[in-house]
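So the structure is just underneath, and the comments pick up after that.
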Number of protein chains: 2
Amino acid sequence: MKAPPWKVGELAKRTGMSVRALHHYDEIGLLQPALRTPTGHRLYDASDIQRLQQIQSLRLMGISLDEVKRLLDGAAVSPRQVIDMHLARVHEQITAHARLAERLTALALHLDAAAIGSVDDLCLIIEAMTTMEKYFTHDQLAVLRERQTSVGDTRIQAVQDEWAELIPAMQRAMDGAVDPASPDVVALARRWKALVDEFTGGDSGIGKAVMTMYEHEGAALKEKLGNVPTPAMFAYVGRAMKHL
Amino acid sequence: MKAPPWKVGELAKRTGMSVRALHHYDEIGLLQPALRTPTGHRLYDASDIQRLQQIQSLRLMGISLDEVKRLLDGAAVSPRQVIDMHLARVHEQITAHARLAERLTALALHLDAAAIGSVDDLCLIIEAMTTMEKYFTHDQLAVLRERQTSVGDTRIQAVQDEWAELIPAMQRAMDGAVDPASPDVVALARRWKALVDEFTGGDSGIGKAVMTMYEHEGAALKEKLGNVPTPAMFAYVGRAMKHL
DNA sequence: GTAAAGCCTCACGCTACGTGAGGATCAAGG
DNA sequence: CCTTGATCCTCACGTAGCGTGAGGCTTTAC
């Protein structure tokens, strides 16, 4: 156990820092050794060592070198404030990362469900997720995910096929100006409602969100899904449903 | 709604990116516009725009530009792997930040309790916390924090004063080679046990951790706390306790 | 005395751009 | 045709906290 002052390598070994880091601290004026040998070698004395321990303590709490310097040099900033502000920043980071993790987990689920290999498909799914997050609340998305896994792939495919048949049929009725109260249209509306209820799990908020989404994103969705309901069609179906 | 190809400013406005970011993507070969005007102005065509959308999607998931490039260019890496590995990284970050937040919160508590203003004291507390985390488990630390708040400052001070009296007394008994079974020493041991029990809340693991800590950190603690028990003293007290 | 180890000072590299600097080009009006 | 303001171009530095050499002195140990 040699006594101080120590050379940079010795100090590094004893504190677990790298020599480069100590050089860096010297460069930025965070820890400048009290002495130098005539040949320019750094010599750290006891007070330098203590300061380094303080630096290490503060760094362990994730405080930036800049703030460490401000804390140790000028007492102008209160430690308490620094800690509080830093804690707030850390909490922000945590929530941001937590959201990201949630999205990534959901994405992984979709990847499993859809047996996707291509990057193009991956991006489409991300895009769809992003769009949906704009219209559905967090809870609603959780409900939809739960339903997705519970009903199973085959049923989902069947539902998609039925929509692919139902929407054009409804469109033809509208184009032909058929009375929404007519038995044929009401029958279509009944199937429509059944599909919607199955999708939403009876949550009317989800149904509304879907309509809002189609309203705002109609053009974009049409390109990707083929046939999609228009706002006019929602109104038409709504009238037909009054006669269920 | 002008049709593509678009100039960089136009693309930036429509996608919400900055012109500089698009320049950057060009520089690193992530998104190089299909065309340039004879004077060098970038012209992005439809496929460029689609690629940019994919880039934005992947970036929204927190994927680095480098990995985005690898994903979009060479299909050599599977999307699924990338997502999984990225998710793992994010989870690591979350746990690291969560630990940090926990430490900061505990630190804020100590600051409140000790009415600390100086940076020196702040660092001492951090150092103490760091040391204790090496010897106590997470649960044990939670117990100690809980006990700290429940017993109150005045009692803590009283306990410290009693230790300050008890330890030298025990040391004198040891120095005088007094039989640990003697009534005086047993009486001291009784007080000792009461203090320990109050501190540990009856958790024997905590008591052992304290002993291990004093054993390893004896010298460092002695400087800061004044008189501290030595391993020999623990043994002596242990023998005395057999006669309680 | 010599070789190995340790020290010094540059200086580039990493992430994903922000922010000018200095100059060419484009679109619209006089 | 000329001007003017908006837009475009290409450098190039700055960010946080060092890692990792390069090239050249000093110290230490045999």
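Every chain is numbered from 1, with letters handed out A, B, ... down the list of sequences.
Picking from D:dG17, D:dC9, C:dC17 the nucleotide with the shortest atom distance to the side chain of B:R59 gives C:dC17. Taking only side-chain atoms of A:S64, from C-beta outward, the nucleotide of C:dC8, D:dG17, C:dA16 with the closest atom is D:dG17.
Separating the CD1 atom of B:I55 from the C1' atom of C:dC17 is a distance of 14 Å, rounded to the nearest angstrom. With rounding to whole Å, B:I63 atom CD1 is found 11 Å from C:dA16 atom P. Spacing between atom CG of A:L43 and atom P of D:dT27 amounts to 11 Å, rounded to whole angstrom units. A straight line from CG of B:L11 to P of D:dT7 spans 15 Å, rounded to a whole angstrom. If you measure from atom CG of A:L65 to atom C1' of D:dA16, you get 8 Å, rounded to the nearest angstrom. As a whole-Å value, the separation of B:K69 NZ from C:dC17 C1' is 17 Å. The CD-P distance, from B:E27 to C:dC17, rounds to 12 Å in whole Å. Whole-Å rounding puts the B:R14 CZ to D:dT7 P distance at 14 Å.
Map A:G40 and B:Y25 each onto its nearest nucleotide of DNA chain C; the residue landing nearer the 5' end is A:G40. In terms of position along DNA chain D, the nucleotide closest to A:V19 lies nearer the 5' end than the nucleotide closest to the other residue of the pair A:H41 and A:V19.
Contact between the side-chain N/O atoms of B:H23 and the OP1/OP2 oxygens of D:dC9 is found at a separation under 4.0 Å. Residue B:R20 has no polar side-chain atom (N or O) positioned under 4.0 Å from OP1 or OP2 of D:dT7. When the side-chain nitrogen and oxygen atoms of B:S18 are compared with OP1 and OP2 of C:dG18, one or more of them lie within a distance under 4.0 Å. An OP1 or OP2 oxygen of C:dC7 is reached within less than 4.0 angstrom by no side-chain nitrogen or oxygen of A:R42.
In summary, A:E215 and A:K208 do not engage in a salt bridge, as defined by a charged side-chain N under 4.0 Å from a carboxylate O. A:D26 and A:R36 are joined by a salt bridge, as a carboxylate oxygen and a charged side-chain nitrogen come within less than 4.0 angstrom of each other.
Using a 4.0 Å heavy-atom cutoff across all strands shown, A:T37 reaches no nucleic acid atom at all.
In this structure, B:Y214 and B:F234 have tilted ring planes: the angle between them lies in the 30° to 60° band.
Under the salt bridge (charged side-chain N to carboxylate O under 4.0 Å, His left out) test applied with B:E27, the options B:R20, B:K69, B:R42 reduce to a single match, B:R20.
The closest side-chain donor-acceptor pair between A:E67 and A:H86, if any, does not fall under 3.5 angstrom.
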